[in-house]
Enquirer: 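A single structure is presented below for examination.
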Amino acid sequence: MRLQSDEFNALFTDGLKTLANIFANERHELRIAGGAVRDLLSGKQPHDVDFATTATPDQMKDMFLKQGVRLINNKGEKHGTVTARINDQNFEITTLRVDVQTDGRHAEVEFTTDWETDAERRDLTINSMFLGFDGTLYDYFNGYEDLKNHCVKFVGDSSQRIQEDYLRILRYLRFYGRISKRSGAHTSGTLDAIKENASGLRGISGERIWVELKKILEGNHVNHLMQIIYELGVAPHVGLPKGGNLEEFAKVCERSHRMSPKPMTLLTALFSNTDHVQNLDLRLKISKEEKNLALFLLQQRRELTAERTDAAPLKPFKDYVVDSREPDAHKKISELLKYQGEEQLFREMEGWTLPRFPVSGHDLRRMGISSGKDIGRILQELREHWKESGYQASKEELLNRVGHE
């Protein structure tokens, strides 16, 4: 087939036209590759566009040097990737490759001019397609058919693809959540391959795993995919607790999905104690902000809720933000309300701004109170009255209480 769409045509900047001409003049083939092709065929504008070519890195460098094109970031050259900067735009171009040796994390590659051989080493059929600049689709493994049918499949033998890079287990689940229209539409061979190879994830760095796990948690079919992660024995190798609370996880997924919860908000539903958070951190190297959110939700998911009243349902949450010295307290409370499925309260809380306590120590000194100890005590008492008033009491009303206490 030949693709013609607004999204495809939008790619053709002056920079890309220049790039295409350089390769055409030197008689080297250049095509759009991988995820960008998938997105274009789905009618989406790709965020990143990668290119593949029959030219070797040395040939590319010679071409670009001859045309006065600047090259940046030469770290990818040993893997066949050259990055050229044309008209303030970066273009990442990779030579067609074949894997010579893999250890489940990295691959030793040889360069090739065979497009099908390069496609064969890619992970999923939907990611193995190429697109010519005239819109011609090069699809060696029925990726377009799978994409139209919302079907996620490994290229060729599932076990072999996984053993080339064990992170592909999580990439499969991530794309399943993005492409598939329904949960449970896996082939038994794929699930068997994941189960057989799950332990290979032990050798993958925590940072790489966390990137994929977060994307799974931000996609569709989250509850279904987490069940699979546990059923197929993936969980212990990616830092998730043994016997994670899947029942709580299912409830939180169901009641929070309209509010776009953060990945850590969902994940905390699996945890029963702080050790579970510490173990996740040790394995995945999560950020300090993510760790603090998990610890907060673990502690407050029952406590703060218990303090609610029908008359003022948001009061304990607002009080927490006012009393907290943490700059992200408001965000944490928002995630807690998502966790609890309180959509109306969450929307109200989103529109609420932290009020400023109207009384200061200077005000009390002007009233003749000089003892620092007394000022501290009175300010705390006035602050409590202010909170009890729903943050409505004015400076005048509060200062009138001084002397009547």
Side-chain angles (χ1 to χ4, degrees), residues 3 8 11-13 15-41 46-67 69-87 89-141 143 154-156 161 164-165 167-168 171 175 208 211-212:
L3 177 70
F8 177 60
L11 297 181
F12 288 88
T13 58
L16 181 55
K17 288 172 186 171
T18 301
L19 182 77
N21 286 333
I22 291 172
F23 278 78
N25 290 339
E26 296 289 336
R27 296 193 173 7
H28 292 296
E29 285 185 276
L30 181 70
R31 297 176 187 169
I32 298 163
V37 181
R38 181 196 66 239
D39 288 346
L40 287 165
L41 291 172
H47 293 301
D48 297 304
V49 181
D50 293 325
F51 299 89
T53 182
T54 52
T56 65
D58 285 341
Q59 288 171 328
M60 284 194 271
K61 285 193 288 185
D62 287 344
M63 283 192 294
F64 290 134
L65 192 64
K66 204 157 65 174
Q67 296 297 326
V69 171
R70 187 158 70 93
L71 300 180
I72 59 174
N73 182 15
N74 59 5
K75 288 179 185 172
E77 278 182 31
K78 62 179 178 182
H79 303 296
T81 301
V82 169
T83 305
R85 188 160 182 82
I86 305 172
N87 289 23
Q89 207 179 343
N90 292 349
F91 296 96
E92 197 170 279
I93 311 125
T94 303
T95 306
L96 297 180
R97 300 173 291 181
V98 57
D99 292 340
V100 178
Q101 195 175 347
T102 58
D103 63 3
R105 289 183 301 171
H106 310 291
E108 281 184 34
V109 298
E110 275 181 2
F111 302 135
T112 180
T113 55
D114 187 329
W115 291 91
E116 185 171 351
T117 303
D118 184 276
E120 194 174 7
R121 61 177 287 282
R122 293 174 183 259
D123 55 1
L124 306 170
T125 60
I126 56 172
N127 293 337
S128 70
M129 298 176 279
F130 303 101
L131 200 57
F133 290 141
D134 62 353
T136 300
L137 178 66
Y138 299 90
D139 179 12
Y140 303 98
F141 297 98
F154 284 103
V155 173
R161 290 290 85 77
E164 288 163 357
D165 181 356
L167 192 69
R168 286 175 170 177
R171 279 178 60 80
F175 279 105
R208 289 180 76 206
V211 167
E212 291 297 328

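Index from 1, following the sequence. Side chains included, hydrogens not; waters and symmetry mates left out as well; all remaining heavy atoms used.
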Enquirer: Do L19 and I93 touch side chain to side chain, with heavy atoms closer than 4.5 Å?
Expert: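 L19 vs I93: side chains touch.
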Enquirer: If you compare all heavy atoms of P57 against all heavy atoms of G80, which two are closest, and at what distance to 0.1 Å?
Expert: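 In this case the closest contact between P57 and G80 is CG-CA, 3.7 Å.
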Enquirer: Enter the distance from Q89:CD to L16:CG here, rounded to the nearest 0.5 Å.
Expert: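 The distance works out to 7.0 Å.
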Enquirer: Please step through side-chain contact (heavy atoms from CB on, under 4.5 Å) for the pair L40 and L131, ending with a clear verdict.
Expert: CA-CA 10 Å; L40 287 165; L131 200 57; 3.8 Å; yes
Enquirer: Take T56 and D58 through the test side-chain hydrogen bond (donor to acceptor under 3.5 Å, both in side chains) and record every step on the way to the result.
Expert: CA-CA 5 Å; T56 65; D58 285 341; 5.4 Å; no
Enquirer: Among residues at least two apart in sequence or on other chains, which ones pass side chain to side chain contact (heavy atoms under 4.5 Å, CB included) with L65?
Expert: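 None.
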Enquirer: May I ask you to decide if A55's main-chain N or O and T95's side chain share a donor-acceptor pair within less than 3.5 Å?
Expert: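 A pair under 3.5 Å: yes.
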Enquirer: Output the distance between atom CZ (F91) and atom CD1 (I86), rounded to the nearest 0.5 Å.
Expert: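 Spacing of CZ (F91) from CD1 (I86) equals 5.5 Å.
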Enquirer: Roughly how far, to the nearest 0.5 Å, is OG1 of T53 from CZ of F111?
Expert: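 The CZ atom of F111 sits 11.5 Å away from the OG1 atom of T53.
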Enquirer: So which atom in L96 and which in A52 form the shortest heavy-atom distance, rounded to 0.1 Å?
Expert: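 Shortest heavy-atom contact: CD2-CB, 3.9 Å.
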Enquirer: Hey, does the Lys NZ or Arg CZ of R168 hover above the aromatic six-ring of F154, less than 6.0 Å from the centre and inside 45° of the axis?
Expert: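 Judged by the rule, R168 and F154 form no cation-pi pair.
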Enquirer: With a 3.5 Å distance limit and no angle check, can you tell me whether R161 reaches the backbone of V155 through a side-chain donor-acceptor pair?
Expert: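 It does hold such a pair.
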Enquirer: Keeping the roles fixed (side chain from N127, backbone from G35), state whether a donor-acceptor pair exists under 3.5 Å.
Expert: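 No.
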Enquirer: Tell me whether D118 is salt-bridged to R31, with the criterion being a basic N under 4.0 Å from an acidic carboxylate O.
Expert: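 Looking at D118 and R31, the cut-off is not met.
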Enquirer: Nearest 0.5 Å, what's the CG-CZ distance between N90 and R70?
Expert: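 Between N90 CG and R70 CZ, I get 8.0 Å after rounding to 0.5 Å.
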Enquirer: Measure across G132 and F8 and return the closest heavy-atom pair with its distance rounded to 0.1 Å.
Expert: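 Reported closest heavy-atom pair: O-CZ, 3.7 Å.
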Enquirer: Report the residue from Y138, W115, F51 that forms a ring pair (Phe, Tyr, Trp, His ring centres under 6.0 Å) with F130.
Expert: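 Of the listed options, the one satisfying the test is W115.
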Enquirer: A quick test of your reading: do over 12 heavy atoms of other residues, nucleotides or ligands sit less than 6.0 Å from CG of D134?
Expert: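 Check passes, neighbour count above 12.
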Enquirer: Over all heavy atoms of both residues, which pair between I126 and R38 is shortest? Give the atoms and the distance, please.
Expert: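 Heavy atoms of I126 and R38 come nearest at O-CB, 3.4 Å.
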Enquirer: Rounded to the nearest 0.5 Å, how far apart are CG of L124 and CE of M129?
Expert: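 It comes to 10.5 Å.
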Enquirer: Heavy atoms, side chains only, cut-off 4.5 Å: are L3 and L137 in contact?
Expert: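 Contact flag for L3/L137 side chains = no.
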Enquirer: For E29, does its backbone N or O pair with a side-chain atom of T54 as donor and acceptor, under 3.5 Å?
Expert: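 Present.
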Enquirer: Looking at CD of Q59 and CZ of F23, how far apart are the two atoms once the value is rounded to the nearest 0.5 Å?
Expert: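 Those atoms lie 9.5 Å apart.
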Enquirer: What are the two closest heavy atoms between E92 and T81, and how far apart are they?
Expert: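 Shortest heavy-atom contact: CG-CG2, 3.3 Å.
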Enquirer: Might you point out which heavy atoms bring K61 and L71 nearest each other, and give the distance in Å?
Expert: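 Between these two residues, the closest heavy atoms are CG-CD1, 3.6 Å.
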Enquirer: Do I32 and V49 touch side chain to side chain, with heavy atoms closer than 4.5 Å?
Expert: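 When only atoms from C-beta onward are counted, V49 and I32 do touch, with a gap below 4.5 Å.
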Enquirer: Quick one: list whatever passes side chain to side chain contact (heavy atoms under 4.5 Å, CB included) with E120, sequence neighbours left out.
Expert: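 Result, side chain to side chain contact (heavy atoms under 4.5 Å, CB included) vs E120: F141.
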